[in-house]
Student: 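Sharing a structure here in C-alpha cells format.
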Amino acid sequence: MVKANLLADTIAAIATPMGAGGIGIVRISGPEAFAVLEAVFSPYGCASAEGLAPRALVLGRLQHPDGSAIDEILAVRFPAPASYTAEDVAELHCHGGSTVLREALHACLAAGARLAEPGEFTLRAFLNGRLDLSQAEAVQDIIQAKTKPALALAEAQLGGALGRALQPLEETLLD
C-alpha cells in the first residue's frame with residue numbers, strides 16, 4: 001500500500017525485467033535520491049557523486065553504504081523537474097544479473113530509500129503534473145503492446161493526444 005505522504009519518501013526499485021541480461025537499471029526518486037546515490041556510488045576520477053553533471057552517464061564503483069564493492073557501473077543524475085517523476089532521480093546502470101541488481105537495490109534501501117510500490121514512479125509523475133491520467137495509463141499500454149499498431153496508439157496517448165483532444169470539452173464543462 002502506498003503511504004499517504006508518498007512524495008516525502010525517496011523510493012528505489014529495479015526498473016528493468018528480472019533475469020540475465022547485459023544491463024539492468026535501479027531507479028531512485030525523491031528528495032534524497034542524490035544522497036542515496038552519494039552513499040552507494042563512487043565515480044572514477046571524481047571526489048564524489050554530488051558534483052556529477054546532469055543527464056551524463058558516469059563510470060564508477062557501486063558499493064554498499066559500508067564500502068564493500070558490488071559492481072562497476074554507470075550512474076546518471078536527473079535533477080528535478082527534468083526527470084520522469086519531476087523529482088530528483090538517479091539511475092544505476094549495472095550488469096544485468098539478478099544477484100547484482102538485488103544487491104544494488106539492497107544498497108539503496110540501506111542508504112535510506114524505501115522499496116517502491118509497483119507503478120509508483122509513474123504515480124509520482126502523475127501527482128507531480130508530469131503526466132496526465134491518460135498519459136499515465138499509456139505507460140502500461142506501451143509496456144504491454146503486442147503489435148505495432150497497439151504501440152503506435154499507446155505512444156500517441158503518452159504524447160498527450162487524448163488530453164489535447166479532450167481539452168476543449170473540459171473547458172466547456174468547467175464553464
Student: Grab the two heavy atoms, one from Val36 and one from Ala111, that are nearest each other, plus how far apart they are.
Tutor: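 Between these two residues, the closest heavy atoms are CG2-O, 3.8 Å.
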
Student: Enter the distance from Ser98:OG to Glu103:CD here, rounded to the nearest 0.5 Å.
Tutor: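 One finds 10.5 Å between OG of Ser98 and CD of Glu103.
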
Student: With Ile142, which residues qualify under side-chain contact (heavy atoms from CB on, under 4.5 Å), at least two apart?
Tutor: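 Ile142: side-chain contact (heavy atoms from CB on, under 4.5 Å) contacts with Leu151, Ala154, Glu155, Leu158.
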
Student: If I take atom CZ from residue Arg77 and atom CG from residue Leu52, how far apart are they, to the nearest 0.5 angstrom?
Tutor: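 The CZ atom of Arg77 sits 6.0 Å away from the CG atom of Leu52.
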
Student: Under 4.5 Å between side-chain heavy atoms, hopping through other hydrophobics if needed: is there a path connecting Phe121 to Leu131?
Tutor: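 Yes: a chain of side-chain contacts under 4.5 Å links Phe121 to Leu131.
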
Student: How many angstroms lie between atom CD of Glu32 and atom CD of Glu38, to the nearest 0.5 angstrom?
Tutor: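 Here the rounded value is 12.0 Å.
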
Student: Under 4.5 Å between side-chain heavy atoms, counting indirect links through other Ile/Leu/Val/Met/Phe/Trp/Tyr residues: same cluster for Leu57 and Val100 or not?
Tutor: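 Each belongs to a different hydrophobic cluster.
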
Student: Say you draw a straight line from CG of Leu74 to CZ of Phe41; how long is it, rounded to the nearest 0.5 Å?
Tutor: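 It comes to 7.5 Å.
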
Student: Between CD1 of Ile14 and SG of Cys108, what distance do you get to the nearest 0.5 Å?
Tutor: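 Interatomic distance, Ile14 CD1 to Cys108 SG, rounded to 0.5 Å: 9.5 Å.
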
Student: Measure from the side-chain N and O atoms of Asn128 to the backbone N and O of Thr85, and report whether any donor-acceptor pair falls under 3.5 Å.
Tutor: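 A pair under 3.5 Å: yes.
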
Student: Is there a path of hydrophobic side-chain contacts, each under 4.5 Å between heavy atoms of I, L, V, M, F, W or Y residues, that connects Ile23 with Leu59?
Tutor: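 Different clusters: Ile23 never reaches Leu59 through Ile, Leu, Val, Met, Phe, Trp or Tyr contacts under 4.5 Å.
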
Student: Examine distances only and state if a side-chain atom of Thr16 and a backbone atom of Ile25 form a donor-acceptor pair shorter than 3.5 Å.
Tutor: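 Side chain of Thr16 to backbone of Ile25, a donor-acceptor pair under 3.5 Å: yes, one is there.
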
Student: Say you draw a straight line from CG of Asp71 to NE2 of His93; how long is it, rounded to the nearest 0.5 Å?
Tutor: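 The NE2 atom of His93 is 12.5 Å from CG of Asp71, to the nearest 0.5 Å.
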
Student: Any heavy-atom pair between the side chains of Leu105 and Leu109 that's under 4.5 Å?
Tutor: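 Yes - at least one pair of side-chain heavy atoms lies under 4.5 Å apart.
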
Student: Are Leu92 and Met18 linked, directly or through intermediate hydrophobic residues, by side-chain heavy-atom contacts shorter than 4.5 Å (ILVMFWY only)?
Tutor: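 Yes.
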
Student: What do you reckon, is NE2 of His64 surrounded by more than 12 foreign heavy atoms closer than 6.0 Å?
Tutor: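 Enclosed: over 12 neighbouring heavy atoms sit under 6.0 Å from NE2 of His64.
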
Student: Should Ile11 and Leu37 be regarded as members of a common hydrophobic cluster, given that ILVMFWY residues are connected when their side-chain heavy atoms come within less than 4.5 Å of each other, either directly or indirectly?
Tutor: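 No; Leu37 is not reachable from Ile11 via cluster members.
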
Student: Looking only at heavy atoms, which two atoms of Ala86 and Arg130 are closest? And how far apart?
Tutor: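 Smallest interatomic distance, heavy atoms only, reads CB-CB, 4.2 Å.
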
Student: How close do Arg124 and Gly30 get, heavy atom to heavy atom, and via which atoms?
Tutor: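 The answer is NH1-CA, 3.8 Å.
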
Student: Grab the two heavy atoms, one from Phe78 and one from Ala82, that are nearest each other, plus how far apart they are.
Tutor: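 Phe78 and Ala82 have their closest heavy atoms at CB-O, 3.9 Å.
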
Student: Compare all side-chain heavy atoms of Thr122 with those of Tyr84 and state whether any distance is below 4.5 angstrom.
Tutor: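 Of all side-chain heavy-atom pairs linking Tyr84 with Thr122, at least one is under 4.5 Å.
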
Student: Write down the atom of Ala107, the atom of Val40, and the distance for their closest heavy-atom approach.
Tutor: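 That closest heavy-atom pairing would be O-CG1, 3.6 Å.
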
Student: Heavy atoms only: give me the nearest Leu101-Gly96 pair and the separation to one decimal.
Tutor: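 Shortest heavy-atom contact: CD1-O, 3.9 Å.
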
Student: Keeping the roles fixed (side chain from Ser83, backbone from Pro79), state whether a donor-acceptor pair exists under 3.5 Å.
Tutor: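 No; judged by distance alone, with no hydrogens or angles, the pair does not exist.
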
Student: Taking side-chain contact (heavy atoms from CB on, under 4.5 Å) as the definition, give me every residue that meets it alongside Asp132, ordered by chain and number, with sequence neighbours left out.
Tutor: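 side-chain contact (heavy atoms from CB on, under 4.5 Å) check on Asp132 returns Ser134, Gln135.
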
Student: I'd like to check Cys94 versus Ile70 (side-chain heavy atoms, cut-off strictly below 4.5 Å). Are they in contact?
Tutor: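 Answer no - side chains too far apart.
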
Student: Checking Glu91 now: which residues fulfil salt bridge (Lys or Arg N to Asp or Glu O under 4.0 Å) with it, not counting sequence neighbours?
Tutor: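 For Glu91, the residues satisfying salt bridge (Lys or Arg N to Asp or Glu O under 4.0 Å) (neighbours in sequence not counted) are Arg27.
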
Student: Counting N and O atoms only, with roles assigned by atom type, does the side chain of Asp66 sit under 3.5 Å from a partner on the main chain of Ser68, one being a donor and the other an acceptor?
Tutor: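 Here the side-chain-to-backbone pair exists.
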
Student: Has the side chain of Asp88 got a donor or acceptor atom that lies under 3.5 Å from a matching backbone atom of Pro31?
Tutor: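 No.
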
